[in-house]
Amino acid sequence: MDSRIPLRVKLAILSAGLLSFVGILVETSMNVTFPTLIKELHVSLSTVQWLTTGYLLLVTIVMSTTAYVMKRFDAKNIFIFAASFSLIGGILALVAPNFWILLVGRLIQAIATGLSTPLMFNLIFAKVPKQKLGVYSGMASVVISLAPALGPTYGGILTSIWSWRAIFIGVIPIIIIVGFFGISTINEKAIGIQKGTFDYIGAIALAIVFTSILLTFDQAGNYGWYSIRFWIGVILSVLFLGIFLLYANKGRRKLLDYRILKLPLLRLRLFNYFSLQLINIGMSFVLPLFAQTVLHCSAMQAGLMMLPGSLIGAITGPIAGRFYDQHGAFSPLLTSSILMLVGTLGFFFMTKSLTVMSTTFIYVVMRIGFNTGFGTAISDGSLQVSFKNKADQNSLFSMMQQYAGSLGTNVLSVVISATIVMHADRSTVINTMNGSHMAFLAVSILGILVLCSVIYAEMKYGHQRTDN
């Protein structure tokens with residue numbers, strides 16, 4: 001790390017990053033426990049997946065407020081609030097007697113992650129010089145991307161040798177230690193709000209839009225793609241989205257400054273960022289389920305299967321960030337999109353012949369692709385806005401990154417659940433394999449769109465790497 005950046009700043013960034021890491025680690029650790037939770041807590045797959053979907057949805061809603069929160073409150077106060085909620089939620093989940101108390105504990109922890117992740121990036125964008133922005137954003141992307149990959153390994157091992165409750169036992173001491181360091185090092189002051197109050201209507205409207213979309217797909221998982229409930233949900237979701245867009249365009253109060261979305265290159269980087277995370281989190285849900293149900297792995301084996309990719313990906317992020325600092329965004333983003341597409345197509349074409357070894361190898365390719373492009377996308381996006389809009393850009397990207405994970409988990413789980421509903425006469429193994437095959441097709445199509453967006457951005461805006 002750059003010696004010109006004070007140690008206190010490095011520790012402050014690290015503290016916020018580790019708090020975010022814990023939240024994301026537990027989130028993806030729960031994915032490998034789903035088969036166990038379905039049996040122990042007597043719930044269905046479409047219900048238990050809300051431990052991830054609901055968590056990420058609330059994280060998204062909280063993040064939608066951070067453009068205001070970061071300007072209104074000092075960073076230390078935000079951190080203390082987040083650390084406290086992370087601890088309270090962890091304790092509640094640890095002792096939960098049933099699914100619904102467990103869900104409440106996870107939702108409390110979602111508030112913590114929704115604040116800590118934007119706080120980490122806000123500290124980076126405010127304190128790190130432009131020439132080192134790529135490296136530090138790359139390191140931050142390791143926090144976001146390593147946790148989902150380590151989560152299945154961590155959760156799988158503890159669930160196999162002890163209990164799913166051990167997941168929370170392991171992180172509670174970390175939350176306490178990180179809280180101490182954060183309180184000692186984070187002291188950035190709020191920049192202040194010029195005028196107006198918090199946009200409660202905008203926050204509620206956005207929450208309704210996001211929730212309605214997820215619930216709509218949930219209907220497909222429960223009743224099939226052709227059910228009247230699903231299509232009613234589609235109509236309502238489009239209606240709610242239209243109302244929200246009208247309010248965002250005409251309303252006086254703004255949850256964040258939506259005018260930054262008029263910047264075409266920022267929109268493309270946001271699409272890249274969103275799509276990479278959707279594929280990343282969605283696959284971290286599908287692969288452990290596939291491994292345990294189709295390949296008959298234990299929770300531990302399913303978690304360890306994803307470990308090599310997480311470690312190699314962790315190394316890739318800072319390297320890609322340094323390359324971006326020196327050469328710009330196109331090469332790392334192009335490499336990222338190609339590798340992600342190769343990985344998703346590999347899973348699609350090899351679904352019926354996948355083994356633990358081939359799954360591990362293909363996942364390594366995907367992780368290299370993900371970490372090469374993820375930090376680059378948000379770094380280049382941050383250079384498209386002025387300093388006064390950094391918090392808005394940070395909030396927008398953080399919010400959409402989390403919703404991408406929520407939507408990815410929800411949609412891919414629905415694809416599998418809908419297959420089970422539509423072919424109830426088939427075995428669970430066959431339905432899970434066929435459902436996973438369709439899920440792999442969905443992320444492959446998204447991978448193609450990401451590749452096209454990167455090429456288009458270079459052709460159209462290749463020379464617009466500016467810092468307003």
Side-chain angles (χ1 to χ4, degrees), residues 63-64 66-67 70 117-118 121-122 124-126 128-138 140-141 144-145 245 248-249 254-280 317 320-341 369-404 407 446-468:
M63 283 185 174
S64 71
T66 55
M70 298 293 172
T117 303
F121 280 108
N122 214 49
I124 291 173
F125 295 149
V128 174
K130 176 184 174 182
Q131 61 270 24
K132 292 294 181 180
L133 186 61
V135 173
Y136 275 74
S137 293
S141 73
I144 296 174
S145 61
L245 293 176
N249 187 47
K254 301 292 184 182
L255 197 59
L256 53 82
D257 191 347
Y258 295 108
R259 289 175 297 180
I260 63 176
L261 286 170
K262 294 180 179 180
L263 301 169
L265 188 54
L266 183 136
R267 292 198 304 268
L268 288 166
R269 296 302 185 239
L270 178 61
F271 173 74
N272 200 196
Y273 193 70
F274 178 89
S275 301
L276 288 175
Q277 183 70 340
L278 189 153
I279 296 172
N280 174 46
R322 189 176 299 276
F323 188 88
Y324 162 73
D325 286 333
Q326 298 173 350
H327 303 287
F330 178 63
S331 293
L333 288 179
L334 180 65
T335 302
S336 168
S337 57
I338 291 174
L339 291 178
M340 289 292 282
L341 183 57
F370 175 80
N371 286 88
T372 300
F374 193 63
T376 299
I378 190 172
S379 295
D380 208 58
S382 73
L383 295 181
Q384 310 309 314
V385 299
S386 62
F387 178 79
K388 69 176 183 178
N389 286 127
K390 294 293 186 184
D392 297 291
Q393 179 267 334
N394 180 21
S395 177
L396 177 64
F397 272 65
S398 297
M399 175 180 68
M400 295 311 295
Q401 166 236 321
Q402 291 297 325
Y403 192 64
L407 189 63
L446 184 57
I448 293 172
L449 295 177
V450 170
L451 177 59
C452 292
S453 73
V454 171
I455 296 173
Y456 175 79
E458 180 63 18
M459 293 174 61
K460 186 76 173 178
Y461 311 105
H463 302 291
Q464 293 189 17
R465 185 175 185 250
T466 58
D467 190 0
N468 298 310

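Nearest heavy-atom pair, N371 versus A320, reported as atom, atom and distance to 0.1 Å: O-CB, 4.2 Å. The shortest non-hydrogen separation linking A329 to R269 is CB-NH2, 3.7 Å. In terms of heavy-atom proximity, T372 sits nearest to P332 at CG2-O, 3.2 Å. When every heavy atom of Q277 is checked against every heavy atom of A404, the shortest pair comes out as CB-CB, 4.0 Å.
Taking CE of M400 as the reference point, atom CG of L278 lies at 10.0 Å (rounded to 0.5 Å). Note: Q393 CD to L266 CG = 6.0 Å, rounded to the nearest 0.5 Å. Rounding to the nearest 0.5 angstrom, the gap separating the CG atom in L263 from the CD atom in Q384 is 7.0 Å. Going from atom OG1 of T117 over to atom CD of Q401 covers 6.0 Å, rounded to the nearest 0.5 Å. Annotation: the span from L451 atom CG to L446 atom CG amounts to 11.5 Å, rounded to 0.5 Å. The distance from atom CG of L341 to atom OG of S336, rounded to the nearest 0.5 Å, is 11.0 Å.
Every side-chain contact (heavy atoms from CB on, under 4.5 Å) that N272 has, sequence neighbours left out, goes to L276, L333, A377, V450, V454. For F397, the ring pair (Phe, Tyr, Trp, His ring centres under 6.0 Å) partners two or more places apart in sequence, or in a different chain, are Y273. For F271, there are no ring pair (Phe, Tyr, Trp, His ring centres under 6.0 Å) partners two or more places apart in sequence or in a different chain. Not counting sequence neighbours, the partners of L339 by the side-chain contact (heavy atoms from CB on, under 4.5 Å) test are T335, V365, I368. A search for side-chain contact (heavy atoms from CB on, under 4.5 Å) contacts involving L245 returns L241, not counting sequence neighbours.
Listed by first then second residue, pairs satisfying salt bridge (Lys or Arg N to Asp or Glu O under 4.0 Å) with a partner in residues 393-404 number zero, not counting sequence neighbours.
By the 30° and 60° cut-offs, the orientation of the rings of F374 relative to F370 is parallel.
For the pair F274 and L407, the minimum side-chain heavy-atom distance is below 4.5 Å.
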